[in-house]
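First the proteins, then the strands, lettered A, B, ... as listed; each starts at 1.
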Amino acid sequence: MKLLRDTWLLYQRQLLLMWRSPIWLFFALAQPVTYLFLFAPFLQKALLPMGASTIQDAYNIYVPGLLVVMCFYTGLFAGFGLVAELRMGILERARVTPISRSALLLGRAARDVTAMLIQCALITILSVPFGLTVPLPNLLVAYALLTIIGLMAAAISYDIALTIKNENALGSLLNSIGQPIALLAGVLLPLAIAPVWIQKLALANPFSWATNSVRALFWGSLTDPVVWQGTLIVSVLAVVTVLLSVRLYSRNIR
Amino acid sequence: MIQANQLRKSYRTKRRRQTTTVDAVRGVDLSVTEGEIFGFLGPNGAGKTTTLRMLATLLDPDGGQAHIAGVDLRANPAGVRAVIGYVAQGGGTWDEVSAREELVLQGRMHGLSKAEAQQRTHAALQAFQLDEYGDRWCKTYSGGQRRRLDIALGVIHRPKVLFLDEPTAGLDPQSRAHMWEEVRRLRSEGMTVFLTTHYLDEADALCDRIAIIDYGRIVAEGTPEELKRDISGDVVMIGLDEPTTRAEEVLKDKRYVLKLESVGETGLRLYVDAGETAIPHVMRELNDNGITLSTIALHRPSLDDVFLTKTGRSLRES
Ligand SMILES: Nc1ncnc2c1ncn2[C@@H]1O[C@H](COP(=O)(O)OP(=O)(O)O)[C@@H](O)[C@H]1O
Ligand SMILES: [Mg+2]
């Protein structure tokens with residue numbers, strides 16, 4: 001109960017901060033929107049092996065990948081906000097109060113996930129004029145899955161941030177692990193057109209499973225086995241990484 | 001109210017596989033009584049912040065014990081947190097929220113209900129003269145306003161003991177004076193205030209008692225008056241209309257004169273225990289012997305003299 005109350009309290013504060021400096025939304029959307037308008041139209045041919053016979057099909061394959069990569073990157077860079085709050089002395093101030101330590105982290109995580117979902121909704125809406133069609137139930141399940149993906153990426157980022165506690169080092173480290181994971185997840189180009197050995201390697205990448213799940217959902221098949229498989233994999237990993245970061249965090253700030 | 005015994009803390013930093021150890025605090029004993037303003041005076045890097053953070057449960061001591069309001073620091077940190085307020089050296093507010101919002105959140109982080117937190121916020125904004133700016137964003141505040149907000153945040157739950165780390169560092173004289181008033185007001189409300197400072201005048205004018213720390217050790221403790229008297233006593237400077245030989249004869253064996261030096265042809269410097277009682281004696285003695293005084297002045301040692309005596313360095317320079 002106290003955990004819920006405290007998390008809600010800090011989530012409200014985090015939302016307020018997000019609302020007051022909306023510039024983050026511009027930066028978060030600039031790249032995906034560019035991709036959406038400039039890159040996607042050329043993709044129809046590349047996506048043919050996956051069954052993209054029309055431009056609408058191409059968008060149905062491309063947009064889910066874009067959403068996954070957006071959640072993945074937004075999550076991965078969530079650690080920056082945490083380190084900034086450490087530096088600003090916000091956590092020091094909170095630490096001498098009896099507030100739940102886990103709530104301090106979960107309130108932030110909830111904010112980061114909210115930011116992702118806002119971005120996802122905007123990109124989805126912007127894609128509709130290009131012919132994106134997706135049944136509402138599938139969309140909702142996909143968003144739930146995207147939430148879990150983002151949460152997991154954020155938790156990984158918190159873990160790293162709490163370990164190295166340095167904004168500069170954090171930036172280059174996250175970039176260097178983010179790129180290969182994103183490529184191997186086939187988020188921007190489907191792995192169906194990749195060499196076989198890369199496809200095999202991708203099987204070990206949970207984000208690849210997640211991407212395939214979200215794609216299946218956007219393609220309209222709620223019952224495709226990859227949907228529950230992907231969901232299960234990222235859910236388990238999300239629980240593990242979130243628990244780990246809550247532990248690290250509580251130990252760090254006691 | 002605060003009892004500390006042999007508190008110790010070392011930092012280990014690793015750089016290129018080399019581990020260096022900094023002994024930041026090396027056995028600090030403290031005793032602070034209820035309702036006083038206790039000052040922790042020392043140069044930068046002396047270990048003030050480290051000691052304060054240990055007492056405020058933010059840092060685990062490597063050794064030693066402490067009790068705050070009777071609660072054992074190491075056995076029951078949560079119990080200590082319930083009775084203390086802590087204001088860090090650099091504060092800790094978000095830029096894009098107002099003082100009112102910060103105070104309400106702080107109250108709620110301490111477990112108050114929304115209505116209660118709002119009520120206390122209202123009172124705090126008035127008490128700290130922040131109500132005029134209460135709804136402006138923190139990033140627009142002046143240094144003094146921001147510091148007052150920091151303290152208001154630290155006492156929203158009405159703690160028994162308040163820890164203030166360098167409350168006036170970097171403030172202009174007027175804001176400092178204002179801050180001193182706030183600290184005195186908190187004392188008058190019954191709060192025990194433990195503050196760190198590297199300003200001599202602040203330790204002297206604001207604090208009831210002080211401890212001087214240098215390189216992680218306490219080198220002196222007492223009221224500012226006691227400390228200053230302990231080192232050299234007061235100095236009475238005398239100027240005469242004639243050579244000092246006769247006056248030296250008269251004064252050198254007097255009980256209250258600890259030491260006597262001549263300064264130039266007609267000047268004398270008398271080291272005494274307490275200047276205010278020595279001066280009338282000196283004046284009477286010289287008068288009785290027909291020696292005419294032209295000037296007399298009292299020089300009291302400053303806390304810087306205390307620091308100089310104890311460490312061999314001046315605090316102003318270190
Ligand atoms: N986190 C830290 N890691 C390593 N050394 C530290 C750390 N914090 C403080 N120190 C060192 O410990 C000593 C005492 O620091 P501090 O308590 O901050 O002094 P003060 O507050 O009196 O200026 C200094 O020599 C400082 O460099
Ligand atoms: Mg300090």
Side-chain angles (χ1 to χ4, degrees), chain A residues 1-25 80-108 110-112 115 163-166 168-169 249-254, chain B residues 49 52-60 68 74 76-98 100-114 117 137-139 146 149-157 159 161-165:
Chain A
M1 250 348 272
K2 174 164 164 51
L3 178 65
L4 273 183
R5 171 202 182 265
D6 288 356
T7 305
W8 174 239
L9 191 64
L10 291 160
Y11 178 53
Q12 284 173 301
R13 167 50 54 91
Q14 296 285 357
L15 283 185
L16 183 72
L17 290 166
M18 206 157 80
W19 174 250
R20 293 223 170 130
S21 47
I23 190 76
W24 64 271
L25 192 59
F80 275 99
L82 193 69
V83 178
E85 280 181 355
L86 270 172
R87 182 170 40 74
M88 284 163 68
I90 305 282
L91 294 173
E92 190 99 309
R93 174 180 137 207
R95 277 174 63 186
V96 281
T97 75
I99 189 114
S100 151
R101 280 21 183 174
S102 312
L104 285 170
L105 186 73
L106 294 177
R108 255 214 85 79
R111 165 221 178 123
D112 289 326
T163 312
I164 62 178
K165 289 186 190 142
N166 176 329
N168 293 329
Y249 192 74
S250 312
R251 180 136 41 96
N252 244 281
I253 70 159
R254 268 184 319 136
Chain B
T49 299
L52 205 71
R53 283 168 51 84
M54 286 195 281
L55 291 172
T57 76
L58 294 169
L59 203 60
D60 271 333
I68 291 162
R74 303 184 84 170
N76 185 8
V80 169
R81 267 177 227 134
V83 295
I84 64 161
Y86 168 76
V87 179
Q89 198 163 348
T93 47
W94 279 288
D95 286 342
E96 276 137 9
V97 289
S98 68
R100 190 183 303 280
E101 288 160 341
E102 285 289 41
L103 285 161
V104 170
L105 178 73
Q106 190 73 2
R108 303 216 65 204
M109 290 206 287
H110 277 288
L112 301 179
S113 72
K114 195 168 186 173
W137 288 1
C138 292
K139 69 174 172 193
R146 192 176 283 238
L149 170 60
D150 288 337
I151 297 189
L153 288 168
V155 299
I156 194 87
H157 59 301
V161 181
L162 176 63
F163 292 103
L164 295 176
D165 202 355

Which pair of heavy atoms, one from [X] and one from [Y], lies closest together, and at what distance?
| X | Y | result |
| --- | --- | --- |
| B:R81 | A:T97 | CD-O, 4.3 Å |
| A:R5 | B:L112 | NH2-O, 3.1 Å |
| A:P98 | B:H110 | CD-ND1, 3.5 Å |
| B:V97 | A:R20 | CA-NH1, 3.5 Å |

- Item | Which atoms of B:Q89 approach chain A - backbone, side chain, both or neither, heavy atom under 4.5 Å | neither
Hey, what do you get for [atom1] ([X]) to [atom2] ([Y]), rounding to the nearest 0.5 Å?
| X | Y | atom1 | atom2 | value |
| --- | --- | --- | --- | --- |
| B:Y86 | A:E92 | OH | CD | 4.5 Å |
| B:M109 | A:L104 | CE | CG | 7.0 Å |
| B:L105 | A:Q12 | CG | CD | 9.0 Å |

- Message: Taking side chain as everything from C-beta outward and backbone as N, CA, C, O, which of these in A:A103 sits under 4.5 Å from a heavy atom of chain B? Side chain, backbone, both or neither.
- Response: neither
- Message: Would you say that more than 12 heavy atoms from the other residues, nucleotides or ligands in this model lie under 6.0 Å from the NZ of B:K114, or not?
- Response: no
- Item | Heavy-atom side-chain proximity of A:L16 to B:E96 below 4.5 angstrom | no
- Item | Choice from A:D6, A:L9, A:I99 maximising heavy atom contacts with chain B below 4.5 Å | A:L9
- Just by modelled atom types, is the B:A88 backbone N or O under 3.5 Å from a matching donor or acceptor in the A:R93 side chain? no
